[in-house]
Amino acid sequence: MGREKNRERRQKERDKEKSERPRHRERDPGKARGRPRTQAVDTTGAIGRGSGMALRIPIQAPLLLMGLLTTGLAQSPIAASVSRGFWALPENTTVVEGAAAELQCGVSAPGSTVQWAKDGLLLGPDPRIPSFPRYHLEGDPTRGEFHLHIEACDLSDDAEYECQVGRSETGPELVSPRVILSVLVPPKVLQLTPEAGSTVTWVAGQEYVVSCVSGDAKPAPDITFLQSGQIISGISANVNEGSEEKLFITEATARVTPQSSDNGKLLVCEGSSPALDTPIKVSITMNVLFPPGPPTIDWPGLEEGHVRAGQRLELLCVAQGGNPPATLQWLKNGQPIYTAWDTEHAQAVARSMLVMNVRPEDHGARLSCEAHNSVSKGVQERGVTLQVTFPPSAITILGSASQSENKNVTLSCITKSSRPRVLLRWWLGWRQLLPTEEMIMDGLYGGHISMSNLTFLVRREDNGLTLTCEAFSEAFTKETFKKSLTLNVKYPAQKLWIEGSPEGQRLRAGTRVKLVCLAIGGNPDPSLTWYKDSRTVTEPWPPQEPRRVQLGSLEKSGSTFSRELVLITGPSDNQAKFTCKAGQLSASTQLVVQFPPTNVTILANASALRSGDALNLTCVSVSSNPPVNLSWDKEGERLEGVAARPRSAPFKGSAAAKSVLLRISSRDHGHRVTCRAHSTELRETVSAFYRLNVLYPPEFLGEQVLVVTAAEQGEALLPVSVSANPAPEAFNWTFRGYRLSPAGGPRHRILSGGALQLWNVTRADDGLYQLHCQNSEGTAEALVRLDVHYAPTIRALQDPTEVNIGGSVDIVCTVDANPILPGMFNWERLGEEEEDQSLDDMEKISKGSTGRLRIHNAKLTQAGAYQCIVDNGVPPPARGLVRLVIRFAPQVEHPTPLTKVAAAGDSTSSATLHCRARGVPNIVFTWTKNGVPLDLQDPRYMEHTYHQGGVHSSLLTIANVSAAQDYALFTCTATNPLGSDHTNIQLVSISRPDPPSGLRVMSMTPYSVGLEWKPGFDGGLPQRFQIRYEALGIPGFLYMDVLPPQATTFTLTGLQPSTRYRVWLLANNALGDSGLADKGSQISITTPGLYQPSGEPDYQLPTEQPAGSSELPLLSVLFAVGGLLLLSNASCVGRFLWQRRLRRLAEGISEKTEAGSEESQIKNDYEESQWTGDRDTRSSTLSTADVEPYYHSMKDFSPQLPPMLEEVSYPQGFTDLEEEDMAFPRHLYDEVERLYALSGAWGHLYDEVQMSPSDLHWSKDKYEDPRGIYDQVAGDLDTVEPDSLPFELRGHLV
């Protein structure tokens, strides 16, 4: 029925769509050239399937009727028009979205122009229809085929179409009937509420609403609901417009009432449409909740509810069905007792197993199993009531089974509650006794209590028999319940006696004695009890060691009973009576014990004793057996006493007393006075002593220490050896009139024995300490001196100490030290060499706290640093540094008779002249040129002066050197108050280097020789060295270049053993070589043999003519003459080349100077100058090699000069400084490489003194400073006099 309504609705929608479709605009009748317009209407439509496939379906009658009414034409004219103009007309077509469609148009006049119109819009005659990429015309135009083909139809293609033919020679204008292309759009999705694919939880029997909405479609789809495969009727559906024109949405709603059978099944929404081959579906899974079925209980026995106490009961409760499955719980009398269960979800079965041990109190209890789930409207349950059978849990016999013979015994037997009740009977041994009374009473848990009374006469032969009460019942045939007692018939013992030490035997105290009490017969066993003088004997508790009394337990052997008493005899056992009792029977014995005094006591007539008092002491022996003799002694000295009369004593013994009289002195304090009680018969002595407590004032003992020695910053203990009684109440120490605090202080503490302990002792603590001791008897005083030893401290040391050369002076060192020892002063001289440290020519003088080092006839070699070392045995030793300055006239260094400096005289270069002198005090330099004083105000001249100790230097820089003005002899004069000295320096032009000098052999092997030399003047240019050598007897020379170029040592290799060689050394620069000098640059050597040990090198100067060479060979003379001729010819050519080379070299130097030469070629830093070997030769250089220039010649040189020594702010002392840490550059001048002098002609002067870093503590670097290095020592101490501050603020002991 719902489907029929949907069809009617879709038909109405189609009719409405056609009525609203825009009509094609009619052509102007005038333009139709008078030809009547005809239309043909087809009554069939086509539905496109796939590509180019069409299915004919009948068109509804209303559409056909509307077409007939619109045209208003008869059937015959239409047929005639078709036959005249079209041989194929388009038809109404229906196609599914995405498929292809084709509209037929066959024209009888092939040459006509044909085009299609869409909803009145002309598509154009072009077969490709460019405006619509999916449209094109198919067919053969020559045959009149103009079919409209549309690819991938969509909703925009849903329209009216007509084929129009233009007028041609063969026919008039034609228009085909309008046809409709209907595009069907299938629904893409269905939206289900609840959400599709989900699982919904519903309760069985309740109604729920489900809605399903389709997606956009054309026509509107039909929606159907299926519940568990069955169509749901009575759904409501609404059709609404879609998201676009011509699209529709169907919304359907259904009411669903799920049942338990629908659980887990699907609810399906199905959408169908003509555009679909098969309906689309969405679904939800129904989870239907419904209550479980009633539970059942599986009872394990035949009779439901009947159980026995002690039985293990297992009950299974099962509940079928239910979603969710049932929840089970067990209840007992309405109270939950078990809530665990198992669930089988596949069968929807819940099981719960109750396991319980049945007890009597469970009788009448109702066990029930309840089942329910979340949708249960009520609880379903199944129950059972328990009927419990249980025996009596216990049988009790009331009354005593112990009775004397020939008397009646009365007993009662009572059972605990049982179900059903039990019967009772009595047995004595194997004999049944008849009860006197029986009764039944109600018991617990629905049971019964049984009771039976019994009375009978006992006899001696019944003793030990078993009396039994037995309970029985038909319900407990396999079980027996009974209670038994053992009958105890009482009767007395027959005989009692004691075995042990014979009575009257003498026993010494401490003897072990064993007494045994024996008895025969009796029931119960006789309780044997020991008595001592009518008191029961018991062991002490807790047990004592040694155990003086040991009481044994009762022992039985057959019908005989015994009990031991073991004694360690003591005074209290003397004549004591020991009795053993068993009931009415008893036995006794008596002991005789000998013992020494039980107690010896000394009694005094006074407690407080003082010197001169009389003391009466009485010694009392309390009791002994036999009597004893008393005697007195004091610290081993026997005393005579007076005995007292005998009197009665405890333990039936004898007492004794004896007195002695003493005269007391302080020496008796602590002595012991001893009383001895001696038993001759027992050969034993008991002693007691009385310690004398004599009160007397403090007394210092002979071992009291009066002088204590301590080290400064250490600890000191001033001991106290004093005797007093009572002990001194206080120890009061005073120092310098001030009392030290008894509670202690920051640096002192008074110990419990009175000793004074000091720590961090200082020299201010030295002195006398007064000790005051006091007790209740009097006072005493003593003086103890504290001698504080402390390390020496130098108080005065004049630094520097100055003396003129040849004069005498004392270096005075004054110290503060304790103790002051005669040989504690020692002196050291600081220097590099051991010979520099000798003090043999100096006199050492020591007197008290002052030490002197006296120097006679002072020499320059004695100048330097001296160290005063003072060691008095208290570490650390004191060390003081003092400089001895020897004042002397200037001594200018004269490296050569005429020092040369080279510079280009082209007014573009600069030259620096270096003058160094030694002298004390400071030196003043003056310069002259060719004897005329130099005007240093001239800007071309600049002088820099440096002073370091006794070394003074002056650097004269000449700017813009002119050959005409400055190539001259410059004189440097050094002057101080003691004299003057001078040196000459000649400024010359650049030239070839001078020959090196001082060539000598350093080492030699069979194959090599090590050489060393002194470079000569380099001519103002970088020089290199070359070795020329020959083997005598072998013609020809060999050459070897020295590398690095400026090296002054070289190892010549490639020699042969046992061969004599002659070696020359050449120097060359850019202007040429030095030539071969007669002396100093050549040497002859002989290499050692292979097996000859290498010793002193064997060489000679070349001036010695080798033996056998007195006459020149003729061939040599001829060669010499030829060489001279060639040399004369070449000299003319060479002179010309040489002059041209000089001009080019001068131009090149000028260009390099103006452009600024690189440091790799020219280095103008004279702080980099070094010694080149011996001090006799200096040279300027343009190289950066290890051998640096002595003088420099260059243009516009303005070095970064260090400050004057007078301007340098050095630290107060050179402490832990290496040479590179000094305040001036490493090489201030070329002759000052380090703080210590090199080995040379000058020896040790002031700047060359070697000192360890710890010794460099000079206050100033200028020797003119008159202050000593120890002037600041006083700053280490208190700047205020000690007595100027209050005593409590001085920081000492108080």
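In terms of heavy-atom proximity, A204 sits nearest to F290 at CB-CB, 4.1 Å. In terms of heavy atoms, P324 sits closest to L289 at CD-CD2, 3.9 Å. In terms of heavy-atom proximity, C163 sits nearest to F86 at O-CZ, 3.9 Å. The nearest pair of heavy atoms linking I284 to A196 is CG2-CA, 4.0 Å. Between P300 and L315, the shortest heavy-atom distance links the atoms CD-CD2, 3.6 Å. The minimum heavy-atom distance linking V307 with W299 is given by the pair CG1-CZ2, 3.8 Å.
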**OP:** Quick one: do L192 and L190 satisfy side-chain contact (heavy atoms from CB on, under 4.5 Å)? Show the steps, please.
**Re:** CA-CA 6 Å; L192 185 61; L190 291 177; over 6 Å; no

**OP:** With side-chain contact (heavy atoms from CB on, under 4.5 Å) as the test, would you mind laying out the steps for L354 and I337 before giving the verdict?
**Re:** CA-CA 9 Å; L354 175 65; I337 59 173; 4.0 Å; yes

Original post:
Should Y161 and L148 be marked as a side-chain contact (heavy atoms from CB on, under 4.5 Å) after you check the CA-CA gap, both sets of side-chain angles, and the distance that decides it?
Top reply: CA-CA 9 Å; Y161 296 86; L148 178 60; 3.8 Å; yes

**OP:** Decide side-chain hydrogen bond (donor to acceptor under 3.5 Å, both in side chains) for N287 and T199; before the verdict, give the C-alpha distance in whole Å, the side-chain angles of both, and the deciding distance to 0.1 Å.
**Re:** CA-CA 6 Å; N287 179 30; T199 299; over 6 Å; no

**OP:** Check step by step if side-chain contact (heavy atoms from CB on, under 4.5 Å) holds for L266 and S228.
**Re:** CA-CA 6 Å; L266 298 178; S228 300; over 6 Å; no

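Sparse packing is recorded around CD of Q230, with 12 or fewer heavy atoms of other residues, nucleotides or ligands lying under 6.0 Å away. Environment of CD in E207: crowded, with over 12 heavy atoms of neighbouring residues, nucleotides or ligands closer than 6.0 Å. Counting non-hydrogen atoms of neighbouring residues, nucleotides and ligands closer than 6.0 angstrom, the NZ atom of K281 reaches no more than 12 such neighbours. No more than 12 heavy atoms of other residues, nucleotides or ligands shown are found within 6.0 angstrom of CD on E195.
By the 4.5 Å heavy-atom criterion applied to side chains, D216 and P187 are not counted as neighbours. When side chains are defined from C-beta on, M353 counts as touching V355, because their heavy atoms get closer than 4.5 Å. L331 is not listed as a side-chain neighbour of E381, based on a closest heavy-atom distance of 4.5 Å or more. Between P336 and E370, the closest side-chain pair of non-hydrogen atoms is not below 4.5 Å. Between P420 and T389 the shortest side-chain heavy-atom distance falls below 4.5 Å. Residues T93 and V179 are not in side-chain contact: their nearest non-hydrogen atoms beyond the backbone lie 4.5 Å or more apart. In this structure the side chain of D157 reaches within 4.5 angstrom of the side chain of Y135, judged on heavy atoms. Residues R419 and Q387 have side chains in contact (heavy-atom distance under 4.5 Å, counting atoms from C-beta outward).
Identified under the disulfide bond (SG atoms under 2.5 Å apart) test for residues 183-249, with sequence neighbours left out: C212-C269.
Between W202 and Y208, the two ring planes are parallel [angle under 30°; tilted spans 30° to 60°].
Note that NE2 of H345 is 10.0 Å distant from CG of N323, once rounded to the nearest 0.5 Å. Taking NE2 of H149 as the start and NE2 of H136 as the end, the distance is 5.0 Å to the nearest 0.5 Å. Taking CD from Q259 and CE from M286, the interatomic distance works out to 10.5 Å, rounded to the nearest 0.5 Å. The distance from atom CZ of R366 to atom CG of N333, rounded to the nearest 0.5 Å, is 9.0 Å. Summarising the geometry, atom OH belonging to Y338 is positioned 12.5 Å from atom CD belonging to Q329; distances are rounded to the nearest 0.5 Å. Distance check: R351 CZ to W341 CH2 gives 15.0 Å after rounding to the nearest 0.5 Å.
Remark: side-chain polar atoms of K118 are not paired, donor with acceptor, to backbone N or O of A159 under 3.5 angstrom. A donor-acceptor contact shorter than 3.5 Å links the side chain of S214 to the backbone of T250. At least one donor-acceptor pair under 3.5 Å links the side chain of N263 to the backbone N or O of V288. Although no hydrogens or angles enter the test, the distance criterion places no donor-acceptor pair under 3.5 Å between the side chain of H372 and the main chain of V379. Of the possible donor and acceptor atoms, one in the side chain of N373 sits under 3.5 Å from a partner among the backbone N and O of S376. With hydrogens and angles ignored, the 3.5 Å screen pairs a side-chain donor or acceptor of Q380 with a backbone N or O of P292. The backbone N or O of D140 sits less than 3.5 Å from a side-chain atom of E145, completing a donor-acceptor pair. With hydrogens and angles disregarded, no donor-acceptor distance shorter than 3.5 Å links the side chain of S211 to the backbone of T253. Between the side chain of R134 and the backbone N or O of E151 there is at least one donor-acceptor pair closer than 3.5 Å. Panel note: side chain H147, backbone C105; a donor-acceptor pair is recorded below 3.5 Å.
Shown are I150, V95, D154; of these, the side-chain contact (heavy atoms from CB on, under 4.5 Å) with V183 is made only by V95.
Between K246 and E97 no salt bridge is recorded (no basic side-chain N to carboxylate O distance below 4.0 Å).
Annotation: disulfide bond (SG atoms under 2.5 Å apart) contacts of C317 (sequence neighbours excluded): C369. Listed by chain and residue number, R312 satisfy the side-chain contact (heavy atoms from CB on, under 4.5 Å) test with N357 (two or more places apart in sequence, or in another chain).
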